[in-house]
Amino acid sequence: MKKNEDTTLDFIRTRIESDIKSNKNNGRVHTRFPPEPNGYLHIGHAKSICLNFGLAQEYNGKCNLRFDDTNPSKEEVEYVESIKKDVRWLGFDWEDREYYASDYFEKLYEYATQLIKKGKAFVCDLTADQIKRYRGTLTEPGKESPYKNRSVKENLELFRKMRKGEYEDGSRVLRAKIDMSSPNLNMRDPVIYRIVHESHHRTGDKWCIYPMYDFAHGLCDSIEGITHSLCTLEFEDHRPLYDWFLEQLNVFHSQQIEFARLNLSYTVLSKRKLLELVEEGYVKGWDDPRMPTISGLRRRGYTPESIRDFCDRIGLAKRESVVDIDLLEHCLREHLNKKAKRVMAVLDPLEVIIDNFPEGKEEHLDAENNPEDPGMGKRKIPFSRSLYIEKEDFREDPPRKYFRLAPDREVRLKHAYYIKCNQVIKDKGTGKIKRLHCTYDPETKGGWSKDGRKVKGTLHWVSARHAIKAEIRLYDRLFQTKNPLDVKKGEDFKKNLNPESLKIIPSCMLEPSVSNARPGDRFQFLRKGYFCVDPDSKKGHLVFNQTVPLRDTWAKILKKQKTYE
RNA sequence: UGGGGUGUAGCCAAGCGGUAAGGCAGCGGCCUUUGGAGCCGCCAUUCGGAGGUUCGAAUCCUCCCGCCCCAGCCA
């Protein structure tokens with residue numbers, strides 16, 4: 001849904017406005033985007049980033065970037081760097097507010113100590129497996145740990161020794177004393193600190209005990225003075241626990257509000273599964289242009305504007321939903337249509353000889369760079385006797401409604417002339433079409449005819465002699481099923497991978513004006529789609545990624561004809 | 001047969017007791033030197049279901065049904 005004056009506010013904005021009105025937190029709005037640096041950001045995170053940073057902008061507040069780095073065994077600096085790059089690229093600025101849960105480890109330890117002193121936490125010697133069994137089930141209450149009644153003094157001592165490194169991983173944990181019979185399993189004396197002898201990407205070997213997310217998250221929000229702590233639905237059950245900590249410790253109370261995470265058709269948005277695709281080589285890396293990661297989308301040629309627009313349009317609610325990937329592509333095309341420079345490229349060349357155009361002669365024709373924006377100017381494109389057109393733009397025996405080139409038929413070459421096909425040269429052996437002989441009408445320069453004669457088709461083309469070659473990578477959706485996770489029992493989501501998601505065309509013919517394009521540059525290849533220069537490009541060897549094809553009405557007509565014939 | 005959420009079109013999503021916004025997709029048409037773009041029109045007699053309250057219900061009440069999440073020393 002698009003935001004504008006006429007539409008009403010979503011439930012989060014409604015709530016924030018009412019908080020402002022009642023002067024809660026003195027009308028302050030302070031949010032945060034809290035990624036764990038254990039993977040690359042994806043389009044689902046973009047929803048959260050746009051929400052949190054967007055809210056701060058709209059309500060004149062602030063938004064922190066905070067890394068929730070409480071699990072040293074999964075987190076790496078590579079991920080924090082990529083996350084910072086992606087958030088920036090999306091167009092958001094956290095200024096000097098780059099925080100880490102690990103910045104607060106000392107404070108968190110102090111909070112845990114306070115809990116112990118209040119008799120609200122204890123050191124438990126049960127094994128992980130025992131704790132699990134003591135927890136009970138969804139329908140049965142749990143049992144209290146035999147260690148729950150240790151004295152404050154003993155707990156303090158034990159916890160201190162845990163920190164000092166006197167115990168092995170897994171031998172003891174610190175637990176909150178809440179209620180083993182709570183119907184909310186999160187309240188059944190949850191673990192809040194565990195022993196992990198592992199070096200942390202920021203704190204190194206300073207710590208060998210680490211707070212659990214459930215303990216750290218709400219308290220970090222509190223420390224930072226976060227007024228509205230937005231997270232996804234699955235944390236709704238954890239809110240009572242966070243609130244319990246805040247209450248026991250009597251500290252600033254952030255308000256957590258949960259919303260539904262983004263799901264996208266034909267794609268998988270789970271860090272674990274994306275990691276799997278990367279590690280097992282199904283894609284070439286986190287930034288493979290087929291990946292729904294921010295870095296993948298960037299490399300594919302998506303613009304930050306289009307992603308932000310998408311995030312504005314998908315809406316915000318509490319019901320689980322799957323947004324149609326068509327909406328994402330729509331936002332992309334809408335933006336690229338206005339911004340991308342038009343250029344001609346022939347992906348699958350067929351030679352055309354203009355018999356009545358003198359050998360050796362060349363002309364330089366005017367071409368607009370973007371019909372949507374005259375301000376983008378014009379360029380010259382060379383025309384000569386030998387050209388390439390797209391193979392699919394010629395049919396010896398044209399089907400109904402085909403208005404491209406065919407024997408004795410006249411079409412327009414975009415920005416150039418009308419041409420008429422006179423002769424088809426075939427390979428004697430294979431019978432395949434090798435070359436076309438055409439004549440052009442010199443009176444139609446620029447693509448107009450003074451006699452008012454109309455031509456139905458307009459083709460893109462390049463001059464053979466002037467063309468530059470480039471590699472083009474065409475992408476299709478990574479998964480062939482709408483919901484890639486929908487598999488039979490025992491089957492893996494990877495069986496839904498599309499084996500044809502990448503097609504490489506090693507040598508396409510492009511008009512010479514693109515010869516000094518740089519990685520990241522975006523173009524519309526006329527009548528084909530939007531493309532951008534891949535960083536794999538070398539001097540003299542350009543590589544383009546197809547960002548998204550143009551809408552193809554002709555393909556639709558063909559499909560319909562097929563189904564009715 | 002515990003607890004927490006949630007059901008409005010193919011997909012999102014407004015709506016908050018006065019007679020179903022909008023976007024995407026789809027379908028028709030117009031226009032077009034990109035079969036692109038643009039423009040115009042169509043697309044829920046009905047809101048998970050059944051009862052009830054009311055002059056009036058997607059909105060309130062009751063019961064029922066579906067779907068999602070929770071039994072990590074992950075986040």
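Labels below follow one simple rule: chain letters A, B, ... track the order of the sequence lines, proteins then strands, and each chain is numbered from 1.
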inquiry  = Any heavy-atom pair between the side chains of A:Glu363 and A:Tyr417 that's under 4.5 Å?
reply    = yes

Rounded to whole Å, CG of A:Leu485 lies from C1' of B:rC68 at a distance of 14 Å

ask   = What is the nucleic acid contact for A:Tyr210, judged by heavy atoms within less than 4.0 Å: base, sugar-phosphate only, or nothing?
value = nothing

Check: Looking only at atom P, what distance separates B:rU59 and B:rA9, rounded to whole Å?
Finding: 15 Å

Check for me whether the distance between the ring centres of A:Phe67 and A:Tyr100 falls short of 6.0 Å. yes

- Message: Once you apply a heavy-atom cut-off of 4.0 Å, does A:Pro141 come out as touching a base, just sugar-phosphate, or nothing?
- Response: nothing

So what does A:Glu372 touch, heavy atoms closer than 4.0 Å: a base, only the sugar-phosphate, or nothing? base

Side-chain atoms of A:Thr139 come closest, of B:rG2, B:rC12, B:rA37, to B:rG2

inquiry  = Within the 4.0 Å heavy-atom criterion, would you say A:Arg404 contacts the bases, only the backbone, or no part of the nucleic acid?
reply    = base

- Message: Rounding to an integer number of angstrom, what distance separates B:rA58 and B:rG7 when you compare their C1' atoms?
- Response: 12 Å

The glycosidic conformation of B:rG38, counting syn as within 90° of 0 and anti otherwise, is anti

- Separation between the P atoms of B:rU8 and B:rG48, rounded to whole Å: 6 Å

Winner on side-chain proximity to A:Ser321, out of B:rG28, B:rC73, B:rC12, is B:rC12

Checklist entry - With sugar-phosphate meaning primed atoms plus P, OP1 and OP2, does A:Arg319 contact a base, only sugar-phosphate, or nothing at under 4.0 Å between heavy atoms? => result base

Span that lies between the C1' atom of B:rG2 and that of B:rA44, in whole angstrom
38 Å

Exercise. For B:rC27 versus B:rC16, give the span between their C1' atoms, rounded off to a whole number of Å.
Key: 34 Å

Establish, yes or no, whether a centroid distance under 6.0 Å links the rings of A:His217 and A:Phe235.
no

Under 4.0 Å, heavy atoms only, any strand: does A:Ile131 hit a base, just the sugar-phosphate, or nothing?
base

- [ ] Would you mind classifying the nucleic acid contact of A:Lys318 as base, sugar-phosphate or nothing, using non-hydrogen atoms under 4.0 angstrom?
- [x] sugar-phosphate

- Task: Describe the nucleic acid contact of A:Leu126 in one word from base, sugar-phosphate, nothing, applying a heavy-atom distance below 4.0 Å.
- Result: base

For this session: Write down the distance separating the P atoms in B:rC64 and B:rG23, rounded off to the nearest Å.
Result: 40 Å

- Item | Non-hydrogen side-chain atoms of A:Leu174 and A:Ile209 separated by less than 4.5 Å | no

Review point. Under a 4.5 Å cut-off applied to non-hydrogen side-chain atoms, are A:Leu550 and A:Phe525 in contact?
Key: no

